[in-house]
Structures are given as structure tokens and as C-alpha cells.
2 protein chains.
Amino acid sequence: MEKTIIELEQAAQTLKLLGDKTRLTILGLVKDSECCVCEFVEVLQMSQPSISQHLRKLRDAGLVKEQRRGQWIFYSLNREHATYPIIQQVLEQIPDQKEKLTALEKAGLRIQCDS
Amino acid sequence: MEKTIIELEQAAQTLKLLGDKTRLTILGLVKDSECCVCEFVEVLQMSQPSISQHLRKLRDAGLVKEQRRGQWIFYSLNREHATYPIIQQVLEQIPDQKEKLTALEKAGLRIQCDS
DNA sequence: TGCACATATAAGCATATACTTATATTATGA
DNA sequence: TCATAATATAAGTATATGCTTATATGTGCA
């Protein structure tokens, strides 16, 4: 496997974004499945504008992709990003966030959308 | 090899420290060999107080260790830190900083101290 | 067309961050 | 003991950050 070296400046930018509990959790959540804003709000127990602002930073940096489906906007991890290898490594070393989504599911709060 | 999971909060704290070009370079430098403050100043072309302040943050978080030898204080990577695996992975994915030290050496500015 | 929901954006504000300059601390060596 | 070198710390300041509340935008549906 070819090893790609990530420019220091770009690595620092990504690491700065990862260096926040909220954003790190968001990335941990989208690692496995895409999520919409209201799910983040529910899981993280934060205000909707605050979540939106964090998502915007992640999206502006290109770390996540957004896709509108009906009234929801789903966010997913951008695995094509130059710094994705860093994100991947980091996410492997922190607790899995999946259970938080299954808890949502049990509470009937998971958004299932196929429009 | 046992895989250790790093608490999200602690991971975020370390990532925040890594998310700065200066500190990321410093960690890249001490990855291979310990360095003293004046070497960082030379390599990074920044003021001494600024460097010292970055080093303090890294040391307060426990990411680096310091050791006085005569009038110099040498800094090295703390490989016992809980989040060291993250740091290690990140440093593997950015350009090696070693050449900057060899450049210093050629310029006769490397501190060699054995007191 | 109009209302409700999901989301984004704007503006304001308190705190954090990363420098600067000035000064203190510690060690060396004449 | 004094001057110098290496480093740390303090104080000041401009900018960045992450929230808040208020409002705008876009979609679905009666």
C-alpha cells in the first residue's frame, strides 16, 4: 500500500478541527453511517445552531459531505479528503460512537429517509 | 498487541494541541531526538518566548518531557502518555522533520551537550 | 397558499489563543 | 562576584472560537 504523506499545514488544520469534543464525536458518528442534523442535536444534547456551526466548519474544510434528502440534510464522512487517513487513525483509537445511534434508534428518534 | 482506547475528551485535548503548525512541528522534531529551546527557535524562526509558551502547553498536557542539562533544557516526546498512540500515528503521516535538524547540524547550530 | 418542520445564517458576547515586549530565573565562566 | 547565555514568566493586545438568541431559507403537506 502506497503511503501518502500529508502536508503539515493541512494536517494541522484537520487536527485543529478534530481537537474539539463536539466535532470529534460528530466524526465518530458519521464514521459508520450518515446522520442528519437533528440526530446530532439529540445525541450531543446541544442547540441546533451550535451543531450547524460545527458542521459548517467540518464541511468548509471538506471533512464531511452533505446531501439533502427532503427536509433533512445528511452528513457523511468524506473519505476522499487528503487528510482522511489521519481521521481514520484517530477514530480507531477513541471509543466507538455507534451505541449512541442505536440508543437513538431504540427511542424511535432515528431518521429513516428514502426520498 | 493490545489495543487501547483513548477517552474522547483526552483525545480531543491532545488533538487540539496537535492542531497548530508550530506545535506539530515541535513534536515532529522531538520524534527522533531531543531538542533544546534554542534549536526550536532556530528551526521555526520564531521568538523565544513564543516557543517557550508552546512548549509549556505541550509539557502541561504531558505530551513532552523536559530535562535540564547545564544551561540548556532539552525536550523529548513522552511515549508513556495515554494519547501517545495518536501522536505516533499522526507523526507517521506528515513529512519528516529530521532534515531540519541535519540542516542545523551543518550550520553548526546543533547543541551537543553531555553534562 | 400557508403553516410547520429542518436547517442555515447572522449578530452579539465571553473566553481562549497566539503573539508581542519586558522582565525574572537559573547556570556558566571569567 | 559579576556578566552573559538560555530559558521561563508576566502583562498586554489583536484575533479566533464557541456559544447564545433571533431570524432567514428551503421543503412537505393540508
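Sequence lines set the chain letters: A, B, ... in the order given, protein chains first and strands last, and positions in each chain run from 1.
- A salt bridge is absent between E34(B) and K65(B); no separation between the charged side-chain nitrogens and carboxylate oxygens falls under 4.0 Å.
- One atom, CG of D60(B), and another, C1' of dT17(C), lie 15 Å apart when rounded to the nearest Å.
- You won't find any donor-acceptor pair under 3.5 Å spanning the side chain of Q71(A) and the base of dT25(D), going by distance alone.
- For dT20(C), one of the phosphate oxygens OP1 or OP2 lies less than 4.0 angstrom from a side-chain nitrogen or oxygen of S47(B).
- V43(B) has its side chain within reach of L29(B): a pair of non-hydrogen atoms, C-beta onward, lies under 4.5 Å apart.
- Between the side chain of Q53(A) and the base of dT20(D) there is at least one donor-acceptor pair of N/O atoms closer than 3.5 Å.
- Residue H54(B) places none of its side-chain N or O atoms closer than 4.0 Å to OP1 or OP2 of dT17(C).
- In this structure, the CG atom of L17(A) is 15 Å from the P atom of dA16(D), given to the nearest Å.
- Each of K16(A) and Q48(A) lies near DNA chain C, and the nucleotide nearest Q48(A) is the one positioned closer to the 5' end.
- Within the structure, every side-chain polar atom (N or O) of R68(B) is placed at least 4.0 Å from both OP1 and OP2 of dT7(D).
- Residue S50(A) has no polar side-chain atom (N or O) positioned under 4.0 Å from OP1 or OP2 of dG18(D).
- Between the CG atom of L44(B) and the P atom of dA18(C) there is a distance of 14 Å, given to the nearest Å.
- Going from atom CD of E39(B) over to atom P of dA6(D) covers 11 Å, rounded to whole Å.
- Between the P atom of dT17(C) and the CG atom of D20(A) lies a distance of 11 Å, rounded to the nearest Å.
- Dashed line: the shortest gap from a side-chain N or O of Y75(A) to OP1 or OP2 of dA6(C) is not under 4.0 Å.
- When heavy atoms are screened at a 4.0 angstrom cut-off, K57(A) is found touching the sugar-phosphate backbone but no base atom.
- Rounded to whole Å, the distance from CD on E34(B) to P on dA6(D) is 17 Å.
- Scanning all heavy atoms of the two residues, the minimum distance from L63(B) to L77(B) falls at O-CD1, 3.7 Å.
- Distances shown here put every side-chain N or O of R69(B) at or beyond 4.0 Å from the OP1 or OP2 atom of dA27(C).
- Q89(B) has its side chain out of reach of V90(A): every pair of non-hydrogen atoms, C-beta onward, lies at least 4.5 Å apart.
- When the options L27(B), N78(B), L17(B) are evaluated for a side chain to side chain contact (heavy atoms under 4.5 Å, CB included) with V64(B), the one that passes is L27(B).
- Dashed line: the shortest gap from a side-chain N or O of R56(B) to OP1 or OP2 of dA8(D) is not under 4.0 Å.
- If you measure from atom CG of L58(A) to atom P of dA8(C), you get 12 Å, rounded to the nearest angstrom.
- For S52(A), the listed nucleotide lying nearest its side chain is dT7(C); candidates were dT20(D), dT9(D), dT7(C).
- Rounded to a whole Å, the CE atom of M46(B) is 8 Å from the C1' atom of dA18(C).
- A heavy-atom distance below 4.5 Å is found between the side chains of C35(B) and R110(B).
- Listed nucleotides: dG18(D), dT9(D), dA8(C). Nearest to the side chain of V37(A): dA8(C).
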